[in-house]
2 protein chains.
Amino acid sequence: MTPDRCFSLLLALRSRPDTTVAALAEDTGVSERTVMRDLRWLQDAGFPVLARRGRYGGVSMLPGAALDTSRLTPPEREHLALTGLDEDQRRRLGVEAVSDRARRKVAGARSGDGLLAVGDLVVSDNRPWFGRDPGGVSPAALIGDLRRGVRLKVHYERTGRPPQWRTVDPYGLLAKGGRWYLVADEAGTPRLLNLLKIDRWEPLRTARRLRPDVRLADVAAELTSGWETAGDLEVHLRIQAYQVERAQRILGSRLTLGEPEPDGTTPGVLRCRVLEDVRQILAFADSATVTGPPEARDHLKALAQRIVDHYR
Amino acid sequence: MTPDRCFSLLLALRSRPDTTVAALAEDTGVSERTVMRDLRWLQDAGFPVLARRGRYGGVSMLPGAALDTSRLTPPEREHLALTGLDEDQRRRLGVEAVSDRARRKVAGARSGDGLLAVGDLVVSDNRPWFGRDPGGVSPAALIGDLRRGVRLKVHYERTGRPPQWRTVDPYGLLAKGGRWYLVADEAGTPRLLNLLKIDRWEPLRTARRLRPDVRLADVAAELTSGWETAGDLEVHLRIQAYQVERAQRILGSRLTLGEPEPDGTTPGVLRCRVLEDVRQILAFADSATVTGPPEARDHLKALAQRIVDHYR
DNA sequence: AGAGAACCTGACAGATCCCGTCAGGTTTCG
DNA sequence: CGAAACCTGACGGGATCTGTCAGGTTCTCT
């Protein structure tokens, strides 16, 4: 890893909501293996880089990440500042934690700083979310305390009520449908807390207490299993730039928008209670295009065909 | 240069208002030569690092600098992003500027991106200023446009008047007595503009037009030569932490404070019109110590001796 | 269930470049 | 003038970085 490529990668990750190792290799002119090594380095250093394997997988920086190393936790700073120092130098500095590189020299082990890996604290399907800061608490800001594995106090606003402090044991974050949620147990009961409704939080000194043998993915699945059953359908679409503002007005908060793309369209996700709700998109004629799921495309096409037939 | 030492240096520079190459070498565990190479790299990459040669010299980050590479100018980003790319890769990216490293490979030359060096745009005596953000526009924010060598429009508040836009041709920045000034010509007339009184500025597309054979150091000297003659004396002192607030109240805006030090004192600079003004410091007895200039120390001692004699 | 798209890891040889040392230079202040 | 500070080039040795290769795991869609 060279410093210039380090910054280059950070800039690339920050400027795009999602990318792949292949694309980063293309941009930086090195092999994919090298990019993967670099990404590993960034993750070990504490940058909130998330990699997702599998179809539609890729690499991204958690939303809200600033290239500001002052956000790093003390062990992370030590990781940066102290790698390369020998035992004597570290003793003189009075630092007990062994840097990752020193440890690797001895045993080739991963970082032993007691922090949880970002990849273990975020669950999402590989459907792209959008890099633009969705408002509220940012995932990148929260991930620091999640990595420490501590209990949190969260200032949360339930719908229709004033915000209240709630103490939770977090499993991690869930990204779904363009939204971020904190997945946690509250007095042993699993909860999803929308980051939009968290205006601030505090870490407690107590370690988080999780139910035995229960993982983030399990809890997230358990809490979202009813979503499709409740008819919560996410329709993915692309909107021409000149119609975006109108779409926001008409579709309101059910529409979540991504970053404008070079081809002049803006991707978005429309939350529908039933399939029939896609009829609202008809108002945009061909300036909005449904891209998924297939049944939404088919239904929209069928509705349009009925209109055509009606005027024969 | 390794990435971890790169961040380590940035953090060290940011956390201390002033340091030396020797101290940085001690901290990072490498030789002074290596630290100097690293600092050169950081400067070439666009970080607002300033090195001052000579007695009381040292290295510092311009006040207000954030470790945010998005502040870098486009050529600076290219410098980071494109070093290591071969000609074909750069051609595919459509980038004309040759990266520093590619150029070094060919001819060992310095960066040819057309930007002025930070060291050529800042003049100060080596008396330490203080790293704490002094308020107003920050030097680190302004230095980016100064490096491009363009004319500026500055929103400036002259004493007793509402702020007005003024068009200036900048030579650079002056640090003196804990304050930062923009040194510029305004319609051919040299001016010092206190950064505290600039609330915003805009770069213009026009290149700056400077008087032939006139340099930053010349203009700064010309504009400040009357300061001592006008009796503007800067008295350096150290104040015990528990008296700092009282000192601020009594001495007001003539007192400029630095960062508290580990020994429990806070350094400061008191602007006096005449030497006799140091008498105000008597109020602090031994909880404030004058460190310079020598005549200020002598005079304060003499004043104290008179008081002692008076009570015999 | 299988295919394809995506990340992940270890090993190895070769190339690159980084580092420390050394020598000598310039600048600033008391 | 001396000391404290940064600056630069050259060189040899060693560290580490990179690309290649092989094989693995995960996720989604058909």
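Proteins get letters first, then strands, A, B, ... in listed order; numbering begins at 1 in each.
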*Hey, which of these two, A:G54 or A:E32, hits DNA chain D nearer its 5' end, going by closest nucleotide?*
A:E32
Could you check how far [atom1] of [X] sits from [atom2] of [N], rounded to whole Å?
X	N	atom1	atom2	result
B:M1	D:dA15	CE	C1'	17 Å
B:R40	D:dC6	CZ	P	13 Å
B:L50	D:dC7	CG	C1'	14 Å
A:R5	C:dT16	CZ	P	15 Å
A:D120	C:dC7	CG	P	18 Å
A:Y56	C:dC7	OH	P	15 Å
A:L39	C:dT9	CG	P	11 Å
B:R52	D:dA3	CZ	C1'	17 Å

*asked:* I'd like to check the salt bridge (Lys or Arg N to Asp or Glu O under 4.0 Å) partners of A:E261; sequence neighbours left out, ordered by chain and number.
replied: A:R238
*Quantified as the angle between the terminal helix axes (five pairs each), what is the overall bend of the helix from C:dA1-D:dT30 to C:dG30-D:dC1 to 10 degrees?*
60°
*Which residue lies toward the 5' end of DNA chain C, A:V59 or A:R37, if each is placed at its nearest nucleotide?*
A:V59
*Hey, does A:L192 have a side-chain heavy atom less than 4.5 Å from the side chain of A:V183?*
yes
Counting only side-chain heavy atoms from C-beta out, which of [options] sits nearest to [X]?
X	options	result
B:V21	C:dC7, D:dG19, D:dC6	D:dC6
A:S31	D:dC6, D:dG19, C:dC7	D:dG19
B:R55	D:dC6, C:dT28, C:dC7	C:dT28

*Nearest-0.5 Å distance that lies between atom CZ in A:R37 and atom CZ in A:R33*: 4.5 Å
*Would you give the length of the straight line joining atom CG of A:L237 to atom CZ of A:R297, rounded to the nearest 0.5 angstrom?*
11.0 Å
*Side-chain (A:T28) to main-chain (A:L24) donor-acceptor, under 3.5 angstrom*: yes
*Sequence neighbours left out, what passes side-chain contact (heavy atoms from CB on, under 4.5 Å) with A:M1? Give chain and number order.*
A:C6, A:D38, A:W41, A:L42, B:P3
_Residue list, side-chain contact (heavy atoms from CB on, under 4.5 Å) with B:A296, at least two apart or on another chain_ = B:V235, B:L275, B:V278, B:V290, B:P293
*asked:* Going by side-chain contact (heavy atoms from CB on, under 4.5 Å), A:V49 matches just one of A:D44, A:L62, A:L39, A:L9. Which one?
replied: A:L39
*Phosphate OP1/OP2 of C:dA6 contacted by A:T20 side-chain N/O (<4.0 Å)*: no
*Name all residues meeting the side chain to side chain donor-acceptor pair (under 3.5 Å) criterion together with A:S31; count only those two or more places apart in sequence or in a different chain, and write none if there are none.*
A:T34
Show the distances under 3.5 angstrom between N or O atoms of the protein and N or O atoms of nucleotides 22-25 of chain D.
residue, atom, partner, partner atom, Å
D:dT25, O2, A:R53, NH1, 3.4

